[in-house]
Peer 1: 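Dropping a structure here in structure tokens format, bear with me for questions.
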Amino acid sequence: MANNTLTITDNRTGKSYEIPIEHDTIHATDLRKIKVHDGDFGMMTYDPAFMNTASCKSTITYIDGDKGILRYRGYPIEDLAESCTYLEVAHLLFREELPTQIQLDEWTKQVQHHSLIHQNIVNIIDSFRYDAHPMTILISTISALASFFPEANNIFDAEVRKRQIRRLIGKVPTIAAFAYRHRTGMPYVYPEDDLSFVGNIASMMFKWGSRKFFSHPVLERALNILFVLHADHEQNCSTSTMRVIGSSHVDPYSAIAGAAAALFGPLHGGANEAVIHMLDQIHDIKNVPDFIKRVKAGEGRLMGFGHRVYKNYDPRAKVIKKLAYEVFEVTGRNPKLEIALELERIALEDEYFVSRKLYPNVDFYSGLIYQAMGFPVDMFPVLFAIPRTSGWLAHWQEMLVDPDQKIARPRQIYLGHDKRTFIPMENRK
Ligand code: SDX
């Protein structure tokens with residue numbers, strides 16, 4: 001290829017600069033040589049919310065937003081959702097390869113071995129008010145895990161990292177389920193080795209006496225598919241948060257607590273909960289046109305629609321929409337589905353949404369399935385955080401061993417006061 005560089009002419013000085021291009025990007029620090037005066041700091045880029053900034057190089061997940069493509073380690077998400085268990089996919093994210101049956105059995109045993117939580121952690125969960133949001137309980141309790149495993153600070157010891165990864169994949173579902181049981185006042189149910197990863201979550205949340213917790217194998221398969229779809233999504237807000245916090249070399253428990261906090265936001269992982277509240281607010285299909293009108297007038301957002309990267313249908317939403325029909329065959333149709341389908345029908349043909357390339361994202365239909373399966377609405381972001389734990393940890397590990405990575409510390413454009421004379425208290429007005 002001809003000269004793989006960018007020539008930039010600074011019209012303030014008439015000077016030209018050759019900036020090398022790598023992977024269709026330039027190193028932002030190469031711009032620092034562009035100056036008017038020798039003493040200048042040099043050129044920076046201004047990119048609030050990182051709309052067009054690559055923060056790292058990664059080999060974990062690939063997204064093509066225009067084509068609606070999502071692949072984990074090169075495998076299309078549709079194939080993984082159809083054929084893999086969540087722990088198989090978690091293995092793929094960490095080890096770059098799909099596990100053999102022997103490797104999967106060993107990995108499953110390791111995760112299950114770490115699914116119990118210390119009684120002191122149970123006491124922390126017990127200390128929350130009965131009506132505490134389960135995400136708040138999850139975030140705080142994951143952070144507290146750091147105090148139980150001080151070895152986790154040895155982040156450059158690969159074996160220590162692996163042990164923390166197994167502990168977090170194993171313990172986050174237990175903490176999540178206990179947060180739910182705490183709120184309902186029901187006794188805790190502990191994980192059982194003969195249950196699947198998702199089967200244990202349902203058991204720890206819903207088991208009551210001999211009552212079955214998954215009335216139908218379709219529901220267990222559906223939860224597994226939802227977990228596969230939510231496992232990773234490259235540099236989303238919470239994963240970027242994981243990388244930024246991890247770049248200070250803090251332990252992974254503290255970093256994941258921060259990532260989960262970012263996920264809790266209604267624009268991110270809290271959107272699945274917000275979609276249900278939106279559907280409840282609309283209440284009846286006849287109110288959809290008026291709701292759409294208000295969204296177009298800027299009075300709120302169509303939650304579950306739009307995406308920073310996907311300017312096409314989120315491939316996960318396609319899988320989830322199809323899955324919803326399979327689940328409703330077993331649970332009965334969620335009445336909110338009609339409202340959701342009407343919202344989608346209108347939005348996909350309305351200029352406001354079409355011109356902004358707003359399509360259903362992963363959160364638009366997932367909540368309808370969770371609700372039909374009996375999960376309470378405020379558990380939805382928790383059901384997002386559980387599978388995303390493997391994505392967060394895979395990126396944390398990749399960041400730690402990346403020679404390009406240093407502590408994250410962005411710059412700013414300062415527009416505040418110039419130097420001012422101090423005003424003693426007696427002279428202040
Ligand atoms: C997830 O990043 C990831 O990968 C996240 C995720 C993952 O797996 O980790 O995919 C999971 O978080 C999915 C997104 C869930 N959030 C929602 O469903 C909340 C509703 N959606 C949005 O608020 C919004 O679409 C975002 C936050 C998802 C993306 O926002 P952007 O890229 O910053 O886009 P924007 O806010 O600049 O909007 C561009 C335009 C604006 O209109 P104008 O100012 O140009 O007139 O589109 C409009 C916005 O008002 N717009 C919407 C809209 N989303 C964007 N208008 C109505 N309803 C919406 N949902």
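The residues of the chain are indexed from 1 along the displayed sequence. Every number for a ligand or one of its atoms is a count from 1 in the order of the listing. Predicted, not measured: the structure shown is a model, and the values here were computed from it.
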Peer 1: Give the residue and atom name of whichever protein heavy atom lies nearest to atom 57 (C) of ligand 1, and the separation in Å to one decimal.
Peer 2: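 It is Val295 CG1, 3.6 Å.
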Peer 1: Heavy-atom distances under 4.0 Å decide this one: backbone, side chain, both or neither, for Arg388 against ligand 1?
Peer 2: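 For Arg388, only side-chain atoms sit under 4.0 Å from ligand 1.
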Peer 1: Would you call the rings of Phe206 and Phe375 parallel, tilted or perpendicular, where under 30° means parallel and over 60° means perpendicular?
Peer 2: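 Tilted.
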Peer 1: With the threshold set strictly below 4.0 angstrom, can you tell me whether any protein non-hydrogen atom sits that near atom 34 (O) of ligand 1?
Peer 2: no
Peer 1: Once you restrict to heavy atoms under 4.0 Å, what part of Leu302 touches ligand 1? Side chain, backbone, both or neither.
Peer 2: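 Within the 4.0 Å criterion, Leu302 contacts ligand 1 through backbone and side-chain atoms alike.
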Peer 1: State whether the shortest distance between N or O atoms of Asp314 and N or O atoms of ligand 1 falls below 3.5 angstrom.
Peer 2: no
Peer 1: Going by side chain to side chain contact (heavy atoms under 4.5 Å, CB included), name the residues that satisfy it together with Ala372, two or more places apart in sequence or in a different chain.
Peer 2: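 Residues passing side chain to side chain contact (heavy atoms under 4.5 Å, CB included) with Ala372: Val327, Phe328, Thr331.
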Peer 1: List every atom of ligand 1 that sits less than 4.0 Å from any heavy atom of Gly304, numbering the atoms from 1 in the order shown and giving each element.
Peer 2: 17 (C), 18 (O)
Peer 1: I'd like to know if Glu78 and Lys318 make a salt bridge, using a cut-off of under 4.0 Å between side-chain N and carboxylate O.
Peer 2: no
Peer 1: Looking at atom 28 (C) of ligand 1, what's its closest protein heavy atom, distance included?
Peer 2: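 Scanning the protein heavy atoms, the shortest distance from atom 28 (C) of ligand 1 goes to Gly306 O, 3.6 Å.
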Peer 1: Using a strict cut-off of 4.0 Å, indicate which atoms of ligand 1 neighbour a heavy atom of Asn236.
Peer 2: 2 (O), 3 (C), 4 (O), 5 (C), 9 (O)
Peer 1: In terms of residue, atom name and distance, what is the protein heavy atom nearest to atom 31 (P) of ligand 1?
Peer 2: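 Closest protein heavy atom to atom 31 (P) of ligand 1: Arg308 NE, 3.6 Å.
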Peer 1: Please say whether Cys237 places an N or O atom under 3.5 Å from an N or O atom belonging to ligand 1.
Peer 2: no
Peer 1: Distance check, rounded to the nearest 0.5 Å: Asp284 atom CG versus Phe291 atom CZ?
Peer 2: 14.0 Å
Peer 1: Please check if the distance between the ring centroids of Tyr188 and His182 is under 6.0 Å.
Peer 2: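 Aromatic pair excluded; centres sit 6.0 Å or further apart.
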Peer 1: Below the 3.5 angstrom mark, is there an N/O of Met303, backbone or side chain, next to an N/O of ligand 1?
Peer 2: no
Peer 1: May I ask you to check whether Tyr359 and Phe353 place their ring centers less than 6.0 Å from one another?
Peer 2: no
Peer 1: For atom 47 (O) of ligand 1, what is the nearest protein heavy atom, given as residue, atom name and distance?
Peer 2: Arg356 CD, 3.5 Å
Peer 1: Tell me the nearest of Gly270, Gly269, Ala271 to atom 17 (C) of ligand 1, using heavy-atom distances.
Peer 2: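 Closest candidate by heavy-atom distance is Ala271.
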Peer 1: Using the six-membered ring wherever Trp is involved, compare the ring planes of Tyr86 and Phe197 and label them parallel, tilted or perpendicular (cut-offs 30° and 60°).
Peer 2: tilted
Peer 1: Name the closest protein heavy atom to atom 27 (C) of ligand 1, giving the residue it belongs to and the distance to 0.1 Å.
Peer 2: Leu267 O, 4.0 Å
Peer 1: Between Tyr370 and Phe384, does the ring centroid distance fall short of 6.0 Å?
Peer 2: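 Ring centres of Phe384 and Tyr370 not closer than 6.0 Å.
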Peer 1: Would Tyr352 count as a contact of ligand 1 if the rule is a heavy atom under 4.0 Å away?
Peer 2: yes
Peer 1: Could you find the nearest protein heavy atom to atom 10 (O) of ligand 1 and give me its residue, atom name and distance?
Peer 2: His307 NE2, 2.6 Å
Peer 1: Side chains of Gln164 and His114: any donor to acceptor distance under 3.5 Å?
Peer 2: no
Peer 1: Just to confirm my output: which protein heavy-atom neighbour is closest to atom 20 (C) of ligand 1, and how far is it?
Peer 2: Phe305 O, 3.4 Å
Peer 1: Give me the nearest non-hydrogen protein atom to atom 8 (O) of ligand 1 as residue plus atom name, then the distance to 0.1 Å.
Peer 2: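 So the nearest neighbour among protein heavy atoms is Arg316 NH1, 2.6 Å.
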Peer 1: Does a side-chain N-to-carboxylate-O contact under 4.0 Å join Arg294 and Asp290?
Peer 2: yes
Peer 1: Minimum distance, heavy atoms only, to atom 51 (N) of ligand 1: which one of Asp363, Leu358, Leu229 is it?
Peer 2: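 Of the listed residues, Leu358 has the closest heavy atom.
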Peer 1: Less than 4.0 Å from atom 44 (O) of ligand 1, is there any heavy atom belonging to the protein?
Peer 2: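 Neighbour list for atom 44 (O) of ligand 1 is empty of protein heavy atoms (cut-off 4.0 Å).
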Peer 1: Please check if the number of heavy atoms outside His283 that lie under 6.0 Å from its NE2 is greater than 12.
Peer 2: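 For His283, atom NE2 is not crowded (no more than 12 foreign heavy atoms under 6.0 Å).
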Peer 1: Quick one: CD1 on Ile256 to CH2 on Trp396, what's the gap to the nearest 0.5 Å?
Peer 2: 8.5 Å
Peer 1: Please set out all donor-acceptor pairs under 3.5 angstrom arising from side-chain atoms of residues 300-308, sequence neighbours excluded.
Peer 2:
unit_1 : atom_1 : unit_2 : atom_2 : d
His307 : ND1    : Val309 : N      : 2.9
His307 : ND1    : Tyr310 : N      : 3.2
Arg308 : NH1    : Ala49  : O      : 3.3

Peer 1: Could you pull out, from Lys357, Arg301, Lys296, the option with a heavy atom nearest to atom 49 (C) of ligand 1?
Peer 2: Arg301
